[in-house]
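The structure appears right after this line, and notes come after that.
Labels below follow one simple rule: chain letters A, B, ... track the order of the sequence lines, proteins then strands, and each chain is numbered from 1.
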Amino acid sequence: MTHDPTNDLTTDLTNLGQFTIHATDGQARRASLTTAHGVIQTPIFMPVGTQGSVKALAPDDLENAGAQIILGNTYHLYLRPGDELLARKGGLHRFANWTKPILTDSGGFQVFSLKEIRKLSEDGVEFRSHLDGSKHFFSPEKVMSIQNNIGSDIMMVLDECVAYGADYDYTAKSLELTTRWAKRCREAHPKHKNGQLLFGINQGGFFKDLRERSLEQLTEIDFDGFAIGGLSVGESIPEMYDMLQHIAPLMPADKPRYLMGVGTPLDILEGIGAGVDMFDCVLPTRNARNGTLYTSRGKVNIRRAEYREDDSPLDPDCQCYTCRTFSKAYLRHLFVAGEIVSYRLNSLHNIAFFLTLVRQAREAIEQGRFAQLKARYVDVFAPGNGDGIK
RNA sequence: UCCCCGGUAGCUCAAUCGGCAGAGCGGGUGACUGUUAAUCACUAGGUUCGCGGUUCAAGUCCGUGUCGGGGAG
């Protein structure tokens, strides 16, 4: 059984994939992208909901925090609950009651993160399930089919996310493989079939000529957008920024640019400054569950003893439910006591913080003052500049 | 009054034949980047109940006191 997501579309399909740039400020772009479930205003941060849920948050929480689009993951959703079940339930949107756009990662990151339990070949990736050890084969065609069943608005091609430290020869061969897989994904999924967009993924490790080669090959294929993969895999911040600044401006200007898996508030601003439009990262939600909260004054580890009696809000400049309602002392208590609502309140805040950040970036670009906005955040978050704790 | 068991980190407890006093939890911190993560790492806490003895060496053996638990009368 196949699922046709066009059944419950909210958008005029004639504009599908349309990417309109409304303003620029240096390399930074203020734009919008039309998907089957709505128009995304960029630059945007996309909360990660690997298993069909942004951990600890319900759709209402996400909407209240201002989320426009969330992620799902092909590998995880295939294993559980299964893409065919999702198709029977009307796709992930209907199953999870999330009416806005969804982007699905292809499983390419699991090639990196689950490298102990997978085998690569020309035809695809064989994974051993991290849940029960069973074997599963992900070809580019299979990954397209799974994402069809999930019904995501933006699908990603299967790629090999190369680990940091890979040598030149390996990285070169890997990028060629990623290109061949990208072509097969495009062939398996004709443009805008089911109202679903498809993005290619740039690889090439930390070799600029390989990154450029990857980009040249990918741009010959008709994708709706292009992603930078293989960053934030263990390299230093300067190495990441150096590659980002090199490759992002070379990407097609008339298509959305997506920096996968990045990053911290400063990483995101660096990316926007280099011309990137879309970001996703587990950092706000994972850190929230581990007690690290982002505020306009810097990072706050809510577990710290100094907040035991602190009646002030987490972030006086934040409009989120958590900051409007509770004191740091109470949030600390909830976290230390391991209360479940702690994970929700913390996640809600961190997501709101990241979404506020990109909203401010959009406004700043429109007003030609992006550099000032970035400088303000660097002031707060740069190492040795008050990064840690206020 | 007698008999038995016990007293080791803030808490609950380990420690071989007498051979460098440890763990878990708790405390104090840090890390986390397309989620195998409500996870992981680091760190500070000691008159081993007191006193005396044996021994090269005692948390450990002996004597005595003390505190707690149990039993007998």
message: Quick check on side-chain hydrogen bond (donor to acceptor under 3.5 Å, both in side chains): which of A/Arg211, A/Lys208, A/Glu212 does A/His246 satisfy it with?
response: A/Glu212
Using the [atom1] atoms only, state how far [M] lies from [N], rounded to an integer number of Å.
N	M	atom1	answer
B/C49	B/A9	P	8 Å
B/G22	B/G46	P	13 Å
B/C17	B/G73	C1'	40 Å
B/G65	B/C4	P	14 Å
B/U16	B/A72	C1'	36 Å
B/A21	B/U36	C1'	38 Å
B/A14	B/U55	P	31 Å
B/G69	B/G30	P	43 Å

Could you check how far [atom1] of [X] sits from [atom2] of [N], rounded to whole Å?
X	N	atom1	atom2	result
A/Leu114	B/G34	CG	P	13 Å
A/Asp277	B/G34	CG	C1'	16 Å
A/Leu77	B/G34	CG	C1'	14 Å
A/Phe381	B/C32	CZ	P	14 Å
A/Glu270	B/U33	CD	P	19 Å
A/Ile302	B/A31	CD1	C1'	17 Å
A/Arg289	B/A37	CZ	C1'	7 Å
A/Leu198	B/G34	CG	C1'	15 Å

task: Pick out which of A/Arg30, A/Arg257, A/Arg29 makes a salt bridge (Lys or Arg N to Asp or Glu O under 4.0 Å) with A/Asp277.
output: A/Arg29
Under 4.0 Å, heavy atoms only, any strand: does [X] hit a base, just the sugar-phosphate, or nothing?
X	answer
A/Leu283	sugar-phosphate
A/Gln110	sugar-phosphate
A/Arg308	sugar-phosphate
A/Leu334	nothing
A/Gly291	nothing
A/Asp280	sugar-phosphate
A/Thr292	base
A/Leu103	nothing
A/Gln203	base

Would you indicate which nucleotide in [options] comes nearest to any side-chain atom of [X]?
X	options	answer
A/Cys161	B/C32, B/U33, B/G34	B/G34
A/Val282	B/A38, B/G34, B/U36	B/G34
A/Asn301	B/G34, B/G30, B/U36	B/G30
A/Asn290	B/C32, B/U35, B/G34	B/C32

message: If the test is side-chain contact (heavy atoms from CB on, under 4.5 Å), which one of A/Asp159, A/Asn202, A/Val162, A/Leu158 qualifies with A/Thr178?
response: A/Asp159
Test for a donor-acceptor pair under 3.5 Å between the base of [N] and the side chain of [X], counting only N and O atoms.
X	N	result
A/Arg303	B/G28	no
A/Arg286	B/U39	no
A/Thr285	B/U35	yes

- line: Across all chains, not counting sequence neighbours, the side-chain contact (heavy atoms from CB on, under 4.5 Å) partners of A/Asp60 are none
- request: For B/U35, take OP1 and OP2 only and decide whether either is under 4.0 Å from a side-chain N or O of A/Thr50.
  value: yes
Phosphate contact (B/U33 OP1 or OP2) by A/Thr264 side-chain N/O below 4.0 Å: no
message: Using 30° and 60° as the class boundaries, would you call the ring planes of A/Tyr294 and A/Phe381 parallel, tilted or perpendicular?
response: tilted
task: Would you kindly compare A/Gly261 and A/Tyr343 by the position of their nearest RNA chain B nucleotide and give the one closer to the 5′ end?
output: A/Gly261
query: Start at the 5' end of RNA chain B and walk down; is the nucleotide closest to A/Asn73 or to A/Ala305 reached first?
result: A/Ala305
query: Could A/Glu187 and A/Lys183 be called an ion pair, given the rule that one side-chain N must be under 4.0 Å from one carboxylate O?
result: no
Salt-bridge contact A/Asp123-A/Arg184 (side-chain N to carboxylate O under 4.0 Å): yes
query: Centre of A/Phe137's six-membered ring, under 6.0 Å away, within 45 degrees of the axis: is that where NZ or CZ of A/Lys135 sits?
result: no
Go ahead and name the base partner of [N]; Watson-Crick or wobble counts if both distances stay under 3.5 Å, otherwise write none.
N	result
B/A14	none
B/U43	B/G27
B/G68	B/C5
B/U33	none

- prompt: Going by atom types alone, do A/Glu239 and A/Ser236 pair a side-chain donor with an acceptor below 3.5 Å?
  reply: yes
- prompt: What form does the base of B/G45 take, syn (within 90° of 0) or anti?
  reply: syn
